[in-house]
Protein chains: 2
Amino acid sequence: MTPDVFCDQLRNHGRRVTPQRRAIIQVLAETAGTHPTAEQIFTRVQATMPDMSHATVYNTLHELVEIGLLLELGLGVREHRYDINISDHAHMVCLGCGRVVDVPCDCSGVDIPPEQAQGFVLTERHLVFRGYCPDCLAAMEDE
Amino acid sequence: MTPDVFCDQLRNHGRRVTPQRRAIIQVLAETAGTHPTAEQIFTRVQATMPDMSHATVYNTLHELVEIGLLLELGLGVREHRYDINISDHAHMVCLGCGRVVDVPCDCSGVDIPPEQAQGFVLTERHLVFRGYCPDCLAAMEDE
DNA sequence: ATGATTGCAAATACTTTGCACACCC
DNA sequence: GGGTGTGCAAAGTATTTGCAATCAT
C-alpha cells in the first residue's frame with residue numbers, strides 16, 4: 001500500500017492531507033515491519049520537519065487507526081507500537097530486547113463460540129507470543 | 001488457590017512474607033475475575049493499611065508475576081491488569097468501559113511451527129479479543 | 001472563508017527509583 | 001544480626017490537553 005493510497009483514504013474519510021500527515025505516513029511506510037513506537041516515529045519525522053510536535057504525531061496515528069489503515073499494538077510493554085501491515089497476523093515479542101516480529105497467523109479457527117461470548121460483540125483478535133529472540137538467546141549463552 | 005499457598009510459594013522462592021504482602025494477596029483473592037489495575041489494588045489495600053505505598057504494591061505484584069503465581073496482562077490499554085487465574089485462558093476487552101472478561105480458550109492448537117518461529121524460543125501465548133460488552137452495546141442503542 | 005489541523009507547553013497517568021528506617025528470618 | 005522489605009517523595013516515561021495561530025479545501 002503506497003503513501004498515496006493513505007492520503008486518498010484520509011480524504012475519503014473527510015480528513016485533510018497536510019504535509020505533516022504525509023511525512024508521518026512516509027515514515028510508517030519506510031519503517032514497515034519494525035513496529036515503531038510513537039516516539040520513534042516522532043524522532044524520525046522530526047529529522048525532516050523540525051517543528052513537528054508530539055500532538056500531531058499522536059493525532060495522526062490515532063486517526064489512521066480509526067480509519068483502519070494502521071494497527072495499534074498493545075503488547076504488554078510500556079508503549080504502543082504501530083504496524084501498517086493490517087492483514088491478519090500474530091506477533092512475537094522478545095522479552096530481552098523488545099523486538100517485535102510478525103508471524104503468519106492461522107488463527108481463523110480460534111473464535112469464541114457465541115455461547116461463551118457472554119453477549120460481547122467482538123471486532124478484533126490479537127494473538128501475542130512472548131519469548132526470546134535468537135540474538136538475546138545467544139547473548140545469554142555467552143554469560 | 002488460597003492466600004496461604006501464595007505465602008508458602010513466596011517463602012519457597014526465598015521471599016519474605018510480610019503483612020503488606022499478605023494484604024495484597026488477600027485483595028487479589030477477593031477481586032479474582034475483575035482483573036484489577038495496580039492502582040485499584042493499591043486503593044483497596046490502603047483501606048486496611050493506610051501507610052501502604054505504591055512501591056510496595058508494584059514490588060509485590062512483580063514478584064508474584066516472576067514466581068509465576070500472577071498474570072500481568074498487557075491488553076493495549078494504558079495500565080496493566082493482574083489476574084490470579086493462571087490457567088490457560090483468553091480475554092475479551094470492552095472498548096467502551098474497559099472491562100476485561102475471561103474466556104475459556106482452546107488455543108492449545110495455535111502454536112507457531114518451528115520453521116516460522118525465526119529462531120525465537122517462546123514461553124507465553126496470549127489471545128486477546130476486543131469489542132463491546134452487552135452493557136455498552138445497550139447504551140449505544142439508546143442514543 | 002471556514003473550520004480542521006498545527007505547535008507549544010503544561011498537565012496527566014502510570015510506573016519506577018533512591019534512600020533511610022523497619023522488620024522478618 | 002544481617003539483609004530483605006518498606007514508606008516516602010521525587011523523578012521518569014508515555015500520552016493527552018487547551019488554546020491561539022495557521023493552513024487545506
Side-chain angles (χ1 to χ4, degrees), chain A residues 3-4 6-25 27 35-67 70 72-82 98 100, chain B residues 4 6-27 35-67 70 72-82 98 100:
Chain A
D4 284 345
F6 277 78
C7 295
D8 290 348
Q9 289 286 327
L10 274 175
R11 263 186 284 262
N12 289 348
H13 285 265
R15 303 264 166 53
R16 292 181 180 173
V17 176
T18 64
Q20 289 84 347
R21 290 185 179 171
R22 277 186 199 283
I24 291 167
I25 290 167
V27 167
H35 310 88
T37 65
E39 186 65 28
Q40 288 168 339
I41 295 163
F42 171 73
T43 303
R44 237 186 124 109
V45 176
Q46 222 189 16
T48 51
M49 299 189 67
D51 283 348
M52 173 69 58
S53 76
H54 282 98
T56 301
V57 172
Y58 281 101
N59 283 344
T60 302
L61 294 176
H62 291 164
E63 268 161 20
L64 293 172
V65 169
E66 247 178 71
I67 294 176
L70 186 65
E72 184 178 64
L73 308 179
L75 299 166
V77 289
R78 227 193 313 267
E79 354 74 20
H80 283 140
R81 287 166 165 276
Y82 295 89
V100 178
Chain B
D4 283 345
F6 277 77
C7 295
D8 290 348
Q9 289 286 328
L10 274 175
R11 263 186 285 260
N12 289 349
H13 286 265
R15 303 261 163 58
R16 294 182 180 170
V17 176
T18 64
Q20 288 86 347
R21 290 184 179 171
R22 276 185 199 283
I24 291 167
I25 291 167
Q26 178 65 33
V27 167
H35 311 88
T37 65
E39 187 64 26
Q40 287 168 339
I41 295 164
F42 171 72
T43 303
R44 235 185 125 110
V45 175
Q46 223 188 16
T48 51
M49 300 190 66
D51 282 349
M52 173 69 57
S53 76
H54 282 97
T56 301
V57 171
Y58 282 100
N59 283 344
T60 302
L61 293 176
H62 291 164
E63 269 162 19
L64 293 172
V65 169
E66 248 179 68
I67 294 175
L70 186 65
E72 185 179 63
L73 308 178
L75 298 166
V77 289
R78 226 193 313 267
E79 352 76 18
H80 283 140
R81 289 166 164 274
Y82 294 90
V100 179

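Chain letters run A, B, ... following the sequence lines, proteins first, then strands; residues in each count from 1.
Distances from the side chain of Met52(B) to the nucleotides dG7(C), dC24(C), dG7(D) place dG7(D) closest. The Glu79(B) side chain lies nearest to dC14(C) when the options are dC14(C), dT6(C), dC23(C). Of the candidates dT6(C), dG7(D), dT15(D), the closest approach to any side-chain atom of Gln20(A) belongs to dT6(C). Relative to the side chain of Thr18(A), the nucleotides dT5(C), dT16(C), dT25(D) differ in distance, and dT5(C) lies closest.
Look at CZ on Phe42(A): it is 13 Å from C1' on dT15(D), rounded to the nearest Å. Taking atom CZ on Arg78(B) and atom P on dA14(D), their separation rounds to 14 Å, with Å as the unit. Between the CG atom of Asn59(B) and the P atom of dC19(C) there is a distance of 16 Å, given to the nearest Å. If you measure from atom CG of Leu10(B) to atom P of dC25(C), you get 10 Å, rounded to the nearest angstrom. The CZ-P distance, from Arg22(B) to dC23(C), rounds to 16 Å in whole Å. Separating the CE atom of Met49(B) from the P atom of dT6(D) is a distance of 9 Å, rounded to the nearest angstrom. Rounded to whole Å, the distance from CD on Gln40(B) to C1' on dT15(C) is 15 Å. What separates CZ of Arg81(B) from C1' of dT15(C) is a distance of 16 Å, to the nearest Å.
Proximity of a side-chain donor or acceptor of His13(B) to a complementary backbone N or O of Ile67(B) within less than 3.5 Å is not detected. Between the side chain of Arg21(B) and the main chain of Thr60(B), no donor-acceptor pair closer than 3.5 Å is present.
Each of Val17(A) and His54(B) has a nearest nucleotide on DNA chain D; the 5'-most of these lies closest to His54(B). Where Arg16(B) and Ala55(B) each meet DNA chain D at their nearest nucleotide, the meeting point lying more 5' is that of Arg16(B). The nearest heavy atom of DNA chain C to Glu63(A) and to Arg15(B) marks one nucleotide each, and the one closer to the 5' end goes with Glu63(A).
Rounding to the nearest 0.5 angstrom, the gap separating the CG atom in Leu70(A) from the NE2 atom in His62(A) is 9.5 Å.
The side chain of Thr56(B) contributes an N or O atom lying less than 4.0 Å from OP1 or OP2 of dG7(D). Contact annotation: Tyr58(B) side-chain N/O to dT16(C) OP1/OP2 distance is not under 4.0 Å.
Here the side chains of Thr43(A) and Gln40(A) are not in contact, with every heavy-atom distance at 4.5 Å or above. Side-chain contact between Glu39(A) and Glu79(A) is absent, with no heavy atoms from C-beta onward closer than 4.5 Å.
Nucleic acid contact for Pro50(A): none, since no nucleic acid atom lies under 4.0 Å from a heavy atom of the residue.
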